[in-house]
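Side chains included, hydrogens not; waters and symmetry mates left out as well; all remaining heavy atoms used.
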Amino acid sequence: ERGSIRGCAMRRAPMNSRKKPKAAIAILTASVILSLLANVIAPYAPNYMNSDVIGQAPSMRHIFGTDNMGRDLLSLILYGGRASLIIGTLSAMLSTFIASVYGTLSGMSNRHIDNLMMKATDLCMSIPNILLIIVLQAVWGRATYSSLALIIGITSWMQMSKVIRSEVRRLRKSEFVLAAELYGGGFWYVLRRHLFPNYFSSIMFMAVSNIGSAIIAESTLSFMGLGLPISEISWGSLMSLSQDALLSDQWWMIIIPGCVLISVLVSITEIGEYVRERNTSRHSNI
């Protein structure tokens with residue numbers, strides 16, 4: 001009897017061995033809190049320039065050093081994190097919304113419409129995502145928080161929509177969905193009350209990963225000169241200064257912002273993978 005109980009407990013145990021990424025959660029939480037409190041914590045205003053300390057290495061007065069305009073790097077990182085995280089979060093929310101609606105429509109449509117919508121999605125995915133972002137941003141003109149979030153969001157929903165479409169195809173034959181449609185439940189009602197709550201956990205890791213992808217896209221645009229203007233600080237715009245830093249041996253302008261950006265991106269990836277494996281394990285044990 002004891003052996004059977006132990007065997008049953010082993011069968012119910014989660015399949016994944018990944019532990020909760022406490023370090024990643026701590027790093028991401030600290031980054032969010034410090035960025036939101038930048039105006040309280042930052043020792044200097046982000047655009048404050050001091051000609052006496054231009055290109056100064058890390059010191060007691062400027063812990064992370066200064067840039068080639070005499071701005072405090074620690075302050076720039078704190079304020080820049082606010083911009084990058086806002087853009088990443090807003091674009092991820094937008095892409096998740098578009099993917100949910102499009103994937104659900106495709107999954108609930110007949111075979112011909114479903115095939116047409118999926119072929120359109122494959123066509124969009126055949127174009128490099130960063131190329132679409134660059135073209136749309138060039139057409140838009142001056143970059144702002146809202147324009148970057150909008151452009152990145154409307155170009156990063158395709159893969160998620162295919163996952164949602166597969167989940168909807170699986171759920172559409174469920175009794176609770178059929179009952180809701182039988183009693184006159186419309187598309188938005190079924191999506192809000194029955195489909196979205198059931199497939200959201202399955203695509204949560206993709207929504208989290210999209211935040212990291214959006215931060216990378218914003219950094220790439222800034223590095224190419226298509227991102228936020230110089231008056232708007234972000235982690236991407238800080239990385240764009242690395243070209244000048246390489247010529248002037250200002251290593252702190254490359255290493256410190258790079259380490260901060262990489263740490264946040266790795267933390268987001270770790271959390272996303274943990275969410276994915278946890279969801280997969282839960283479904284496999286049902």
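Residue pairs meeting the ring pair (Phe, Tyr, Trp, His ring centres under 6.0 Å) criterion with at least one partner in residues 138-172, sequence neighbours excluded, are Tyr102-Trp157. Residue pairs meeting the ring pair (Phe, Tyr, Trp, His ring centres under 6.0 Å) criterion with at least one partner in residues 63-93, sequence neighbours excluded, do not occur; the list is empty. Listed by first then second residue, pairs satisfying salt bridge (charged side-chain N to carboxylate O under 4.0 Å, His left out) with a partner in residues 54-70 read Asp67-Arg71, not counting sequence neighbours. Within the structure, salt bridge (charged side-chain N to carboxylate O under 4.0 Å, His left out) pairs that include any residue of residues 118-135 comprise Asp122-Lys162 (at least two apart or interchain). The ring pair (Phe, Tyr, Trp, His ring centres under 6.0 Å) analysis of residues 22-50, with sequence neighbours excluded, yields the pairs Tyr44-Tyr48, Tyr44-His62.
A donor-acceptor contact shorter than 3.5 Å is absent between the side chain of Thr89 and the backbone of Ile86. Using a distance-only test at 3.5 Å, with no hydrogens or angles considered, no donor-acceptor pair links the side chain of Ser75 to the main chain of Ala42. Put simply, the side chain of Ser147 never gets that close to the backbone of Ala143: no donor and acceptor are under 3.5 Å apart.
Of all heavy-atom pairs between Ala214 and Ser91, the closest is CB-OG, 3.0 Å. Nearest heavy-atom pair, Gly153 versus Leu94, reported as atom, atom and distance to 0.1 Å: CA-CD2, 4.0 Å. For the pair Met253 and Leu73, the tightest heavy-atom approach, listed with the atom from each and the gap, is SD-CD1, 3.8 Å. The two residues Asn39 and Leu36 come nearest to each other via the heavy atoms OD1-O, 3.9 Å. The minimum heavy-atom distance between Ile25 and Thr29, with the atom names listed, is O-OG1, 2.7 Å. Nearest heavy atoms, Leu85 versus Ser31: CD1-O, 4.1 Å.
We find the CE-CG distance between Met117 and Asn115 to be 11.0 Å, quoted to the nearest 0.5 Å. Rounded to the nearest 0.5 Å, atoms SG (Cys259) and CD1 (Ile77) are 9.5 Å apart. Atom CD of residue Gln137 and atom CZ of residue Arg142 lie 10.5 Å apart, to the nearest 0.5 angstrom. Atom-to-atom distance recorded for Ile87:CD1 and Ile215:CD1 is 9.0 Å, nearest 0.5 angstrom. One finds the OG atom of Ser84 at 8.0 Å from the CG atom of Leu238 (value rounded to the nearest 0.5 Å). The distance from atom CG of Leu123 to atom CE of Met158, rounded to the nearest 0.5 Å, is 10.0 Å.
In this structure, the side chains of Ile134 and Leu221 come closer than 4.5 Å at one or more pairs of heavy atoms. Side-chain contact between Ser267 and Pro21 is absent, with no heavy atoms from C-beta onward closer than 4.5 Å. Here the side chains of Ile254 and Gln250 are not in contact, with every heavy-atom distance at 4.5 Å or above. The shortest distance between side-chain heavy atoms of Thr220 and Ile133 does not fall below 4.5 Å.
Linking ILVMFWY side-chain heavy atoms closer than 4.5 Å, directly or via other members, places Leu74 and Val53 in two distinct hydrophobic clusters. No continuous path of ILVMFWY side-chain contacts below 4.5 Å connects Val266 to Ile216, so the two sit in separate hydrophobic clusters. Ile256 and Ile27 are not part of a single hydrophobic cluster, where members link through side-chain heavy atoms under 4.5 Å apart. Transitive grouping of hydrophobic side chains (ILVMFWY, heavy atoms separated by less than 4.5 Å) brings Val260 and Ile33 into a common cluster. Neither Leu132 nor Met160 shares a network with the other; the hydrophobic side chains, linked directly or stepwise wherever heavy atoms of I, L, V, M, F, W or Y lie under 4.5 Å apart, form separate groups for each.
Counting non-hydrogen atoms of other residues, nucleotides and ligands closer than 6.0 Å to CE of Met118 gives a total above 12. For CD1 of Ile63, the number of neighbouring non-hydrogen atoms (other residues, nucleotides, ligands) closer than 6.0 Å is 12 at most.
Side-chain contact annotation: Asn210 with Ser95, donor-acceptor N/O pair under 3.5 Å present.
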Identify each donor-acceptor pair in which a side-chain atom of residues 103-111 lies under 3.5 Å from a protein atom, sequence neighbours left out, and give them as a table.
{"from": "Thr104", "atom 1": "OG1", "to": "Ser100", "atom 2": "O", "distance (Å)": "2.5"}
{"from": "Thr104", "atom 1": "OG1", "to": "Tyr199", "atom 2": "OH", "distance (Å)": "3.1"}
{"from": "Ser106", "atom 1": "OG", "to": "Asp114", "atom 2": "OD1", "distance (Å)": "2.4"}
{"from": "Ser109", "atom 1": "OG", "to": "Leu105", "atom 2": "O", "distance (Å)": "2.4"}
{"from": "Asn110", "atom 1": "OD1", "to": "His112", "atom 2": "N", "distance (Å)": "3.2"}
{"from": "Asn110", "atom 1": "OD1", "to": "Ile113", "atom 2": "N", "distance (Å)": "3.0"}

